[in-house]
Amino acid sequence: MKRLLRFAAGGLCLFPLIFASAQSDNAPSPKKLEAIELEACAGAALQGFRPIADTRAQRFNGKVTLLTALCRGGNNAVQYRFTPWVDWGNYWGTGDLSSLPKGYLSTSAVQFRGVTGALLDLEYQRIELIKFNLFDNNGTYQDYIVGRDGRVGAAIKTWPQLRLPPTNPYYAAVGGDGEQICKGELIRARTLTGICNDIRNPLMGSTGTPFARNVEFETTFPDLEQNQLTMNRHGGRINLMTPDPQVISRKLFTRTQTEGNGCNNGFGSPTFSTSANCDYLKAPFFNVLAAYWIQFMTHDWFSHMEEGHNAAEMMSVGCTSEKVNNVETPLTAEDVQKLGCRPADSVDKAYVQQDSPPGTFTSGGKTYLQRAPKTFSNNNTAWWDASQLYGYDDTSVKRVKRDPNDPAKMLLEPVAGQQGGYLPVLGPGDPAAPQWTGQESVAFPDNWTIGLSFLHNLFAREHNSFVDEFRKQAKRTPNADSGLRNPTAAAQVIRYKDVSADELFNVARLVVAAEIAKIHTTEWTPQLLYGEPLYKGMNANWNGLLGTGDPDDSKALSNIVAKGFGTSKNATKESQWYSAFASGPGIFGLGSKVPHYSITNPDKVNGGVNHFGSPFNFPEEFVTVYRLHPLVPDLIEYREVNKDPNQIAQKVAVIETFEGKATEAMRSRGMANWGLSMGRQQLGLLTLHNHPMFLQNIKLPRLDTPTQQVDIPALDLIRDREHGVPRFNEFRRQYGLRQMTSYDDFVDQHLAPGSPARLQQEETVKQLREVYGTHVCDASKVITDAQVNDDGSPINDCLGHPDGSVVDNIEDVDTVVGWLAEYTRPHGFAISETQFVVFILNASRRLFSDRFFTSSFRPEFYTQFGVDWVNHNGPGPIQMEAGTPNGHKQPVSPLKRVLMRNVPELTPQLKTVVNAFDPWGRDRGQYYSLEWKPQPSAVGDPAFQQ
Ligand code: HEM
């Protein structure tokens, strides 16, 4: 006990012993180390669970105590505690087999400690994110802070700002100027513009409502220098074009090419010769299909643009100055040529929804802004409703073609020489921007790519497959209760044979949207974040930790929820704990299994949603972390299913599969060949020096400018600046992550000094210093109130360096540049921890907020056939994958099932695929291996020789 208390008091005496163990020859034996760790666990348990922070500055930051680190990850976790990066990535079992110790009594026990510890850390982060990072731009923020009618802000569930305005065609239907509540047809299915998802807040998440924020309004638009903290943080150094975005793109984003490889600025060979090559840094565990998947998703979730364009006014986009010896200096013609940027480019400015000065209010002696200084509308529905397929406003829906022979179906037409149906091409009467000519007619046609063409066609086929199978069921059991109900005649059973074509179309949409959300949550994300904690975490979001049937998960649940978090009668606390408790049953279907459910009872229909006191929409910061253009290669390694799939038949430039050319390529070469090609090829790593060259040089003929060209990676930076996204370091503090104190912090401390990878990172750090510069710091200037130093003092301009010393302008680094520069990542993370934290908050929130994924995931809306389809990944009973991939029994993945059902030519290729986003043909090895090794059938594939 005495020893335990010593541990609990800080355990510092252990530190030299355990730390020395890694270096010294007479290191303690594994058994001794294990004993030390177990004692640390006991000590950590005595310390108890850390409370949820009361103030922003006290946040968890993903950093645990010494004892906890020792317990969960041994020496490895202890030695990296002093880096800015979250600790859990160094816990036992969170990586591949090498993350488990050798010589311990049991690896499963340490793995359990490590993985459960990681899940616990993630849950703390989520709880604090929900507590500190919700900022609505609709005008509800004051109520969130001060409360309303005796209710604390976090417990408010309805907002007058989310009523439909008199101009909305459904104004009268929801109650006009009286109490507004959606009913009847408006609640049965997903609506075109996304109204009535929350039946008591009809406007929430609908097309045209403002993007929210995840950061304090005062920290947005840093170049406006709205307050003293921001002024001190940036010292007048930044604005829309400074540092120069095109210069950043050319110096920090360009892919390095092997001389003479035929890359041709990303355009490859005009004959698609396989001798052309464009080098890019590749992720061994994620394929090109996954890159296009996320583009497909973002087109469902948000859009700043309208019908393919921004505002009318044009602006130039840089290539005018660079830092020379730390001084911003105009570029000479020679500099321009050397860099390869274009001063004559210009683009259309971003649309602004509101830019009048925001009002203020005071609470607890502090003055707050009521909204951000500028707001922007999300021109898509914010719901995960497959609106890219089905439409989001009156214009987009005109492009969605239904089959006149069976209006329950999407219109698909035969294409000569190809199997299966294809989406029709835009016709003369269809609303379309000129650049979309020749493309498939779909609701969201912008920036059309071969991957979008594939996925739109795939899910249109899936929609029709569902309708076909439903009709078969209706033939088998015409008089059976389908489960569907019409709220205007709720007592009346709707038999399978009575379901109308319109009803069936809407049911199919609900099913397709839920399948897409399930694929994203349980298949795409666990492959993006390829390791045990996120496999468990994401399955918990969907099925619940208890729903997996894995006894380890039940243990994890009891640790996280039952022991870890208490119950509370306090409304604010309840709101905080809610997400932790939801880990038990899972978010999906929350509130759908309540007694006496009735479609006419609003409390049942809507009862499962939780907005945590702040209406749901995506924040601008979410868009920022989805600027994932480095995922795209320059050339696609084109393969053919009916020939040798191991052969790369051609190297097709991605630009030759853009807009109308995508449709032409899809129809002439066929879904199966493109599916195979994108399934086999590795996507690009999200890191600096890895943006597609063709995107830096793309020609957009819609632009009436001298070059008609634009550097999209540079534009990513400009758009974030236009939207007022805080720069990287403050962005991290705002999200409860540790700040950097210099560019050197980016270098991954896990790498041995002098190793090639480390030297390369050190070289990039030099480039960051050259591009963003340094300044002489002033310790009297406080720069943030979102975080404090370890000793509790405010963070100042010197970031812990001596007053008057030269420090890096780390505060000015654009957020996209910062997260691309994060070399330190948990095992198997295709994204950085900064992106991930944005995702932890928003990915679960959009499930919690959506009635159709919670209390309305019911036969009354989906039919029983539809509920089963979503739960079983298709018709019939659930199918199980062979073996236990990474130690888990798991169903055949939902996308694999969708692919086999709708592109059956791919079935032989998919036989050995466990996750459709892992490069097909890769041997997954054991326990989250990242090795780039072929399966026996793919040994002849040249991709594995690279
Ligand atoms: C061939 C592939 C692609 C091309 C040609 C392309 C092109 C573009 C263009 C032209 C814009 C509009 C820039 C503007 O005016 O603001 C854009 C925006 C964007 N792209 Fe891509 N893109 C591609 C792939 C991807 C992928 C794979 C992702 C992954 C998520 C992605 C994510 C985004 C995002 C998040 C935006 C901002 C959208 C908004 O502000 O609402 N893009 N892209």
Side-chain angles (χ1 to χ4, degrees), residues 211 245 266-267 286-311 314-315 317 345-351 376-380 382 388 392 433 435-436 439 444-455 520 524 528 617-636 652-659 661-662 665 678 683-684 686 691-703 705 708-723 725 815-816 830-831 835 838-839:
F211 281 105
F267 299 113
F286 221 23
N287 62 19
V288 170
L289 193 56
Y292 287 121
W293 173 268
I294 192 61
Q295 193 190 20
F296 181 57
M297 288 301 89
T298 59
H299 290 182
D300 178 353
W301 302 334
F302 55 79
S303 174
H304 282 97
M305 297 175 76
E306 257 181 33
E307 291 291 290
H309 59 81
N310 299 291
M314 301 295 285
M315 63 177 169
V317 285
D345 283 6
S346 59
V347 294
D348 34 6
K349 283 189 176 175
Y351 277 114
F376 306 88
S377 61
N378 183 351
N379 294 321
N380 211 321
Q388 78 278 44
Y392 42 87
Q435 69 266 27
W436 301 338
Q439 287 180 203
F444 198 107
D446 208 26
N447 295 327
W448 196 243
T449 58
I450 195 70
L452 291 178
S453 170
F454 181 81
L455 291 162
H520 189 85
W524 187 85
L528 170 91
N617 205 317
F618 290 109
E620 291 293 350
E621 292 71 28
F622 187 77
V623 179
T624 307
V625 299
Y626 279 94
R627 296 191 180 278
L628 302 180
H629 290 124
L631 297 179
V632 184
D634 286 285
L635 308 178
I636 295 188
V652 180
V654 171
I655 194 67
E656 293 300 324
T657 61
F658 182 49
E659 298 182 328
K661 289 181 179 175
M678 292 188 283
L683 56 59
L686 290 167
H691 269 82
M693 298 189 88
F694 82 88
L695 271 187
Q696 291 176 310
N697 301 305
I698 201 166
K699 195 157 192 169
L700 299 179
R702 75 174 182 86
L703 297 172
T705 61
Q708 292 190 317
Q709 277 178 288
V710 65
D711 180 330
I712 299 289
L715 190 56
D716 277 335
L717 305 179
I718 297 171
R719 293 294 186 222
D720 274 0
R721 293 177 187 178
E722 280 188 288
H723 299 148
V725 174
T815 293
V816 168
I831 56 170
Q835 290 168 287
V838 179
F839 161 84

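Positions are given from 1, in the same order as the sequence printed here. All values below come from the heavy atoms of this structure, side chains included, with hydrogens, waters and symmetry mates left out. Atoms within a ligand are numbered from 1 in the order they appear, just like the ligands themselves. Small disclaimer: the values here were computed from a predicted structure and weren't measured.
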Participant: Nearest to atom 2 (C) of ligand 1, what protein heavy atom do you find, and at what distance?
Facilitator: Thr449 CG2, 3.5 Å

Participant: When only distance counts, is Arg719 in polar contact with ligand 1, meaning an N/O pair under 3.5 Å?
Facilitator: yes

Participant: With respect to Arg702, determine whether any N or O atom, backbone or side chain, lies less than 3.5 Å from an N or O atom of ligand 1.
Facilitator: no

Participant: Heavy atoms only, cut-off 4.0 Å: how does Asn310 contact ligand 1, side chain, backbone, both, or neither?
Facilitator: side chain

Participant: Ignoring hydrogens and geometry beyond distance, is a side-chain donor-acceptor pair present between Tyr351 and His309 at under 3.5 Å?
Facilitator: yes

Participant: Between Phe267 and Ala653, what is the shortest heavy-atom contact and its length?
Facilitator: O-CB, 3.4 Å

Participant: Do Trp301 and Asn378 have side-chain N/O donor and acceptor atoms under 3.5 Å apart?
Facilitator: no

Participant: Is any side-chain heavy atom of Pro245 closer than 4.5 Å to one of Leu715?
Facilitator: no

Participant: Report the part of Val654 in contact with ligand 1, treating N, CA, C, O as backbone and CB onward as side chain, heavy atoms under 4.0 Å; options are side chain, backbone, both, neither.
Facilitator: side chain

Participant: Keeping to distances under 2.8 Å, can you name the protein N/O/S atoms close to atom 21 (Fe) of ligand 1?
Facilitator: His629 NE2

Participant: If every non-hydrogen atom of Ile636 is compared with every non-hydrogen atom of Tyr292, which pair is closest and at what distance?
Facilitator: CD1-OH, 4.3 Å

Participant: Which heavy atom of Leu703 sits nearest to which heavy atom of Ser346, and what is that distance?
Facilitator: CD1-O, 3.9 Å

Participant: Specify the protein heavy atom at minimum distance from atom 27 (C) of ligand 1: its residue, its atom name, and the distance to 0.1 Å.
Facilitator: Ala291 O, 3.4 Å

Participant: So which protein heavy atom does atom 13 (C) of ligand 1 come closest to, and at what separation?
Facilitator: Leu715 CD2, 3.6 Å

Participant: Just so I know, are the side chains of Thr449 and Thr657 near enough to count as touching, which here means a heavy-atom distance under 4.5 Å?
Facilitator: no

Participant: Kindly identify the option in Phe302, Trp293, Phe658, Tyr292 whose heavy atom sits closest to atom 5 (C) of ligand 1.
Facilitator: Phe658

Participant: Which of these, Asn617, Asn379, Val623, sits in a side-chain contact (heavy atoms from CB on, under 4.5 Å) with Phe302?
Facilitator: Val623

Participant: Please evaluate residues His299 and Trp448 with respect to the criterion ring pair (Phe, Tyr, Trp, His ring centres under 6.0 Å), reporting the C-alpha separation (whole Å), side-chain torsions for both, the decisive distance (0.1 Å), and the verdict.
Facilitator: CA-CA 10 Å; His299 290 182; Trp448 196 243; 8.1 Å; no

Participant: Using a 4.0 Å heavy-atom cut-off, which part of Trp301 comes near ligand 1: side chain, backbone, both, or neither?
Facilitator: neither

Participant: Give the residue and atom name of whichever protein heavy atom lies nearest to atom 41 (O) of ligand 1, and the separation in Å to one decimal.
Facilitator: His304 N, 2.9 Å

Participant: Test of understanding: given a 4.0 Å heavy-atom threshold, classify the contact between Asp348 and ligand 1 as side chain, backbone, both, or neither.
Facilitator: neither

Participant: Counting only heavy atoms, tell me which of Phe296, Phe376, Tyr626 gets closest to atom 35 (C) of ligand 1.
Facilitator: Tyr626

Participant: Would you mind reporting whether Val816 and Thr624 have side-chain heavy atoms less than 4.5 Å apart?
Facilitator: yes

